[in-house]
Each structure stands twice: as structure tokens, then as C-alpha cells.
There are 2 protein chains.
Amino acid sequence: MDIEKAIAALNNPIRRKILEWLKDRSNFPPALPEHADLEGVCVGYIQEKAQLSQSTVSNYMGLLKQAGFVVAERHGQWTFYRRDEDNIRSFLAAVQKELLTQ
Amino acid sequence: MDIEKAIAALNNPIRRKILEWLKDRSNFPPALPEHADLEGVCVGYIQEKAQLSQSTVSNYMGLLKQAGFVVAERHGQWTFYRRDEDNIRSFLAAVQKELLTQ
DNA sequence: TCCATAAATCGAGATATTTCGATTTATGGA
DNA sequence: TCCATAAATCGAAATATCTCGATTTATGGA
């Protein structure tokens, strides 16, 4: 977990919102039946919710992935993104360690 | 504590370093005798350590202050900056609340 | 094979941040 | 009052980020 990239990724209100939305699948339209077993949300749904262009959202998801906040899983033509809870926790621990005295 | 400004202020390695240095007064040269009773470090000492121009460091300290990470106290021609531990903790709590599920 | 759809990548203009040196403001001392 | 010092502010150049539309790549279905 690169704290530099992670903070840069968080330095944008929509990217932070996306991380929040991804906490709960029901923030997005229901998955297609053939994707019912998959965790994660496809880029199109995130784009729709974020109200930004497809390329911007794809870029954002790439930044969040590089930062370690999400993982991507490709299924056919779809890429499903979901939060990486372990990495999120370890980022928070690292920031705490850096910011807190003792 | 404005989480937006706070993350922006942290989105710079030298500003994060300054926050770390300020954990311990002994990271800087000893205070002048007439300032011995004061907490905090003057801009000149921080500048020397950061190896950046005076105006840049003054600007950085202003950003850290607006973000709530430090407080400034003027004494004569000197401005002494020190960490605002309470605010730092409440920032960490806010980020945790935003990033963590439940 | 050809087409449609999803997502990634590219290129560019607009905007924001970084960082500087120069100037200004505030203060204290001779 | 005049000068020296500390810090803040200003203006600008260099660099980075944001965001888009257009294009490319990957995949699946007819």
C-alpha cells in the first residue's frame, strides 16, 4: 500500500464517494442474472451514478485500484470493481501511524 | 475539520514530513532563550529543515493551519507553529468513518 | 466473419498546484 | 525615526490534475 498514491486517490470528492457507494451493492442497479454470483460493480453502473464520462470513471477506477482501495475482476466484456477491505484498513493504520504521536 | 482541505494538505510529502517533525521539538534547533517557554517552532527553523524557500514554507504552514493540523501563535516577529493533536485525532476519526464499512 | 457492447487508452484544453523570487507588512531595537 | 529581521502576500512560470470526446482493444453473439 503506497501511502502517496493512496492519499492522491482520496484527494477527490467523487473518488471518495465511489468508495462509499461500493460499501453497499444496493447503491447500484441490480446485477444482470448472469453476474448474480459476482461481487463488485461494473464501470457502467459507477459511471451512471457518478455522472461523469466513461473515460473519466475508467481513469478514476484505475487510480483507486493502483492506490489499493479496490480490486478489479474481469468477466467477459465487463470489469467488476469492489473494495479491498484489508488494504483499506492497512492504509488507515499507516496514516494513523504517520499522523499520531507515540 | 474540513476533510477536503485536510486531505489536500496531506497530499504532499513535505507537508506530511513537517507534521512528523513537529511531533518532537528536538527535530529543530533549540529555541532562543526568550522563547524557551513557548511550544511550537518558528517558520525559519521549519524552512531550514524542509530546504524550501521561505515563501513556500509559509504557504505550506498556512495550508496545514487551514486544514486544522497545526495552530499558529504569534510572538513578536515570530510565528510559532505546533500540532493540533485534538484536531488531528478528529480528522483520523472522520477518515475512518468515511472509509470503513459500519 | 461482422457487429454491438464494455472498458481502457489517447490527446488535448481547462484548471489547480507547486515553487520561486520580489515585495509588503509587522515588530523590536538602536 | 530608521534599520534589521521574520513572516505573509503577490505574481508568475513550470508542472500536475481533471475531464472530455475520440479511438482502440477485448469479448460475445448472430
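Keep in mind it's a predicted model, so treat the numbers as computed, not measured. Residue numbering restarts at 1 for every chain, and letters A, B, ... go by the order of the sequence lines. Computation of the quantities below employed the complete heavy-atom set of this structure, encompassing side-chain atoms and omitting hydrogens, waters and symmetry-equivalent molecules.
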A/Arg16/B/Glu4 salt bridge by N-O under 4.0 Å criterion: yes
May I ask you to say what A/Asn59 touches in the nucleic acid, namely base, sugar-phosphate or nothing, with a heavy-atom cut-off under 4.0 Å? base
If the cut-off is 4.0 Å, is A/Asn12 near the phosphate of D/dT19, judged by side-chain N/O to OP1 or OP2? yes
Determine whether A/Val95 and B/Ile88 fall in the same hydrophobic cluster, where Ile, Leu, Val, Met, Phe, Trp and Tyr are linked whenever their side-chain heavy atoms lie under 4.5 Å apart. yes
side-chain N/O B/Thr56 vs C/dC20 OP1/OP2, d < 4.0 Å: yes
Heavy atoms, side chains only, cut-off 4.5 Å: are B/Leu38 and B/Trp78 in contact? no
Base of D/dG21, side chain of A/Ser53 - is there a donor-acceptor contact under 3.5 Å? no
Would you state whether a donor and an acceptor, one from the side chain of A/Gln54 and one from the base of C/dA8, lie under 3.5 Å apart? yes
Using the test side chain to side chain donor-acceptor pair (under 3.5 Å), find all partners of A/Gln66 that sit at least two apart in sequence or belong to another chain. A/Lys5
Around atom NZ of B/Lys49, are there more than 12 heavy atoms from other residues, nucleotides or ligands closer than 6.0 Å? yes
OP1 or OP2 of C/dA7 under 4.0 Å from side-chain N/O of A/Ser58: no
Look at all strands and tell whether A/Phe80 reaches a base, only sugar-phosphate, or nothing, counting heavy atoms closer than 4.0 Å. nothing
Using a 3.5 Å cut-off on both pairing distances, which stems of three or more Watson-Crick or G-U pairs include DNA chain D? C:1-30 with D:1-30
Nearest-nucleotide comparison on DNA chain D, the residue closer to the 5′ end among A/Tyr60 and B/Tyr81: B/Tyr81
Do the side chains of A/Arg82 and A/Glu73 get nearer than 4.5 Å, heavy atoms only? yes
